[in-house]
Visitor: 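Next up is a structure, given as structure tokens.
This chain uses plain numbering: 1 for the first residue, then up along the sequence. Indexing begins at 1, ligand by ligand and atom by atom, following the structure's order.
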Amino acid sequence: MSLQVNINGRLVPKAEATVSVYDHGLLYGDGVFEGMRSYSGTVFQLDAHLDRLWESARAIALEIPTTKEELGRAVMETLQANNLSDGYVRLVITRGSGTLGLDPTRCSNPQVIIIADKIALYPEEFYRDGLDLVTASTIRNHPGALSPRIKSLNYLNNIMAKLEGLRAGCVEALMLNHNGEVAECTGDNIFIVRRGRLLTPPVDAGILEGITRNAVIALAEAENIPVAEVTMTRHDVIVADECFLTGSAAEVIPVVRLDGRSIGDGKPGPITERLMKAFHRMVRSETTSKLA
Ligand code: PMP
């Protein structure tokens, strides 16, 4: 059976799940989204993802034509309809179709789309051996122009940096902010370990406040690993003992090189490995306890 996509509350075969060419989501990237994972049939941190979706929508003055409870239920139905217990869910809310001009107030019927599918973001060996990163010359969006806290359908800023990474043979790229400080990667947050302390840029460095990032901060605290949100530069990453990235799709993945320079001894570090294991334990316990 073909994949079923939920569009405005109706499950339809993938090929029939379409939106208008007049939808401002397509014409202007005017809309918001979320990406989350399901484990054993339960979405990890569903409420946090719904809260962030509603915050992104509020930031762009888009009213989501459903409640969080209804959308949460629709996510579960879409996973079940596709027989997916370990999968990836993409929630998309577009501005809806309007006229050939920017004015969002002339748009009607925002589209509510739920895609549930499989995902394998990075090959298995990267989790074992670690990733290489390059620093992109494309800086992260200036928060005064478009806040990186909004998970909007306009991802060109990140895509330009991703292209730089791919051209350099790297699947991820480090993005600096307008002050030259470390912000995040194109689709993942960044952490370093320095003398036993876990460090990550603060939200006001101009980043998306990652849900996996927040889960890892809580895990580190529970594991008695000192953790702090601090402004950092590329220098801090290069001289770090360890580095890793977090994201719903990526989960926790080690980084072993930046711009061709080894980080630490060039292998995934012990605190990274400890947090990777703790993260998988957390995911299993949070998702199975909800099923019981
Ligand atoms: N930063 C950016 C730019 C992202 O798009 C994402 C999500 N793919 C993340 C960080 C990680 O966020 P989360 O852990 O909530 O998936």
Side-chain angles (χ1 to χ4, degrees), residues 29 31-39 43-57 59-60 75 87-93 115 117 119-122 126 131 133 135-136 138-143 145-165 170-178 181-192 198 200-220 227 229 232 243-253 255 275-276 278-280 282-283 286-287:
V32 293
F33 78 103
E34 273 301 317
M36 50 215 193
R37 262 187 197 263
S38 71
Y39 301 88
V43 175
F44 178 62
Q45 303 255 326
L46 177 62
D47 292 345
H49 283 283
L50 291 173
D51 287 346
R52 190 172 65 185
L53 184 71
W54 255 259
E55 270 181 27
S56 294
I60 67 162
V75 165
Y88 179 82
V89 180
R90 174 62 54 89
L91 275 174
V92 182
I93 319 285
I115 308 168
D117 208 337
I119 192 169
L121 191 65
Y122 302 128
F126 288 156
L131 287 180
L133 299 182
T135 308
T138 305
I139 62 163
R140 193 72 178 95
N141 277 334
H142 191 299
L146 178 65
S147 174
R149 298 183 69 174
I150 304 171
K151 207 162 162 60
S152 89
L153 290 182
N154 192 322
Y155 248 55
L156 271 178
N157 177 222
N158 310 58
I159 291 167
M160 292 304 104
K162 175 100 180 177
L163 275 175
E164 290 186 54
C170 298
V171 295
E172 252 299 11
L174 178 65
M175 299 185 78
L176 307 178
N177 66 16
H178 56 283
E181 300 152 357
V182 170
E184 58 183 336
C185 288
T186 69
D188 298 307
N189 291 113
I190 187 165
F191 285 81
I192 59 171
L198 186 63
T200 195
V203 173
D204 63 16
I207 62 171
L208 183 76
E209 186 177 357
I211 287 161
T212 321
R213 168 191 185 273
N214 290 350
V216 165
I217 291 173
L219 267 182
V227 49
E229 295 175 71
M232 57 175 87
C243 179
F244 63 85
L245 308 183
T246 62
S248 297
E251 302 176 301
V252 181
I253 187 160
V255 172
L275 287 169
M276 284 171 79
F279 179 75
H280 290 293
M282 176 192 217
V283 157
E286 277 200 21
T287 49

Visitor: Can a donor-acceptor pair be found, under 3.5 Å and without considering hydrogens, that links the side chain of R37 to the backbone of S248?
Guide: yes
Visitor: Okay, side chain of T212, backbone of T246: is any donor-acceptor separation there less than 3.5 Å?
Guide: no
Visitor: For a quick test of reading the model, state the closest non-hydrogen atom pair linking F44 to H49 and the distance between them.
Guide: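 Scanning both residues, the minimum pair turns out to be O-CD2, 3.6 Å.
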Visitor: Looking only at heavy atoms of E209, does any of them come nearer than 4.0 Å to an atom of ligand 1?
Guide: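 Under 4.0 Å: no for E209.
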Visitor: So which heavy atom in the protein is nearest atom 14 (O) of ligand 1, and how far is it from that ligand atom?
Guide: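 Answer, as residue, atom name and distance: T212 OG1, 2.6 Å.
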Visitor: Using a strict cut-off of 4.0 Å, indicate which atoms of ligand 1 neighbour a heavy atom of E184.
Guide: 1 (N), 2 (C), 3 (C), 10 (C)
Visitor: Kindly give the heavy-atom pair with the smallest separation between L208 and N189, and that separation in Å.
Guide: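 Reported closest heavy-atom pair: O-ND2, 3.1 Å.
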Visitor: With a cut-off of 4.0 Å, which atoms of ligand 1 are near a heavy atom of Y155?
Guide: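 Contacts of ligand 1 toward Y155, numbered from 1: 2 (C), 3 (C), 4 (C), 5 (O).
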Visitor: Mind listing the closest non-hydrogen atom pair of L91 and V75 along with its distance?
Guide: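 Shortest heavy-atom separation between L91 and V75 comes out as CD2-CG2, 3.9 Å.
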Visitor: Just how far is it from atom CZ of F244 to atom CG of L198, taken to the nearest 0.5 Å?
Guide: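 Reported to 0.5 Å precision, the distance equals 4.5 Å.
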Visitor: Salt-bridge test for R149 and E209: reply yes if a basic N is under 4.0 Å from a carboxylate O, no otherwise.
Guide: yes
Visitor: Can you name the atoms of ligand 1, numbered from 1 with element, that are less than 4.0 Å from a heavy atom of T186?
Guide: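 Here the atoms of ligand 1 in question are 3 (C).
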Visitor: For atom 12 (O) of ligand 1, grab the closest protein heavy atom and report residue, atom and distance to one decimal in Å.
Guide: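 Heavy-atom neighbour on the protein nearest atom 12 (O) of ligand 1: G210 CA, 3.5 Å.
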Visitor: Distance-only, no hydrogens or angles: does the N177 side chain make a donor-acceptor pair with backbone N or O of A205 under 3.5 Å?
Guide: yes
Visitor: Output the list of atoms in ligand 1 that are nearer than 4.0 Å to some heavy atom of G247, sorted by atom number.
Guide: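 Atoms satisfying the 4.0 Å criterion: 11 (C), 14 (O), 16 (O).
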Visitor: Find all atoms of ligand 1 within a distance of less than 4.0 Å from any non-hydrogen atom belonging to N158, and give their numbers and elements.
Guide: 3 (C)
Visitor: State if G187 counts as touching ligand 1 under the rule of any non-hydrogen atom under 4.0 Å.
Guide: yes
Visitor: Should the proximity of K151 to ligand 1, defined as any heavy atom under 4.0 Å, be assigned to the side chain, the backbone, both, or neither?
Guide: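 The answer is the side chain.
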Visitor: Identify, for atom 16 (O) of ligand 1, the protein heavy atom at the shortest distance, and state residue, atom and that distance.
Guide: S248 OG, 2.7 Å
Visitor: Give a yes/no verdict on whether any heavy atom in R52 is under 4.0 Å from an atom of ligand 1.
Guide: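 Yes, R52 has heavy atoms under 4.0 Å from ligand 1.
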